[in-house]
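Below is one structure; the comments refer to it alone.
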Amino acid sequence: DAGVTQSPTHLIKTRGQQVTLRCSPKSGHDTVSWYQQALGQGPQFIFQYYEEEERQRGNFPDRFSGHQFPNYSSELNVNALLLGDSALYLCASSLSLGVSGYTFGSGTRLTVV
Amino acid sequence: QKEVEQDPGPLSVPEGAIVSLNCTYSNSAFQYFMWYRQYSRKGPELLMYTYSSGNKEDGRFTAQVDKSSKYISLFIRDSQPSDSATYLCAMSDFGNFNKFYFGSGTKLNVKP
């Protein structure tokens, strides 16, 4: 049973560019959450998708947007990249009615130069 | 003030030692408490999950929650070199149990 799959694993972008990160949730999970983890810090909640709608959002600017597809997979888009957007971006899947915690992917390491 | 505070360490212990990892929090609405382990260049892996106050044991791991003090702990008995990783506490409230607030992580090194 595949866990959470994220692509790509690494990415280098230039300031001002746009990036799209992808996530396939664990089989049976219907909710996808995205987190940003800066070096030496804990993950910070960006937003969460359920039934193809953004259900909750953390304290991130509108440059961060997302999408969930009918098969529950999800994309995270970041526009007008800043150097400070360099981080590990984690996707986590869960059950909408479950309280047993997330299953995380291994993340996408984004470097903005 | 951050919602969740965690000592970043690093914490270095000899193999076989008992390890105590702790977090404090400020939001009294938090009801769900989790501990994740994160190896270098990997995503966090769920270790323990606890609802409300009390203790929970799973093998060498024990999680404790003291809601009156807004303090949670993870104890690792008979620590092994393979336990060397960063340990993250996470918590959420009843109305938003799928939105987690993480501590900054404690880096643990278990020396053979």
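Residue numbers begin at 1 in each chain, while the letters A, B, ... track the order of the sequences.
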Discussion item. Looking at A/Asp85 and A/Arg63, is any side-chain nitrogen of the basic one under 4.0 Å from a carboxylate oxygen of the acidic one?
Written reply: yes
Worksheet item: So do the side chains of B/Ile72 and B/Tyr25 get within less than 4.5 Å of each other, counting heavy atoms only?
Response: yes
Discussion item. Only pairs of heavy atoms separated by less than 4.5 Å count here; which of A/Gly107, A/Pro43, A/Ser33 has the most with chain B?
Written reply: A/Pro43
Discussion item. Closer than 4.0 angstrom, basic N to acidic O: yes or no for B/Arg77 and B/Glu57?
Written reply: yes
Worksheet item: So what's closer than 4.5 Å to chain A heavy atoms on B/Gln6: side chain, backbone, both or neither?
Response: neither
Practice prompt. Please check if atom CD1 in A/Ile12 has more than 12 non-hydrogen atoms from other residues, nucleotides or ligands closer than 6.0 Å.
Written response: no
Discussion item. Run the side-chain contact (heavy atoms from CB on, under 4.5 Å) test on B/Val13 and B/Leu108 for me, step by step, so that the C-alpha distance in whole Å, both residues' side-chain angles and the decisive distance to 0.1 Å come before the verdict.
Written reply: CA-CA 8 Å; B/Val13 301; B/Leu108 171 67; 4.1 Å; yes
Worksheet item: In terms of heavy-atom proximity below 4.5 Å to chain A, should B/Pro44 be classed as side chain, backbone, both, or neither?
Response: both
Fill in: Top of A/Gln6, A/Arg109, A/Gln41 for chain B proximity - count of heavy-atom pairs under 4.5 angstrom
A/Gln41
Discussion item. Under 4.5 Å from any heavy atom of chain B, what part of A/Tyr50 do you find: side chain, backbone, both or neither?
Written reply: neither
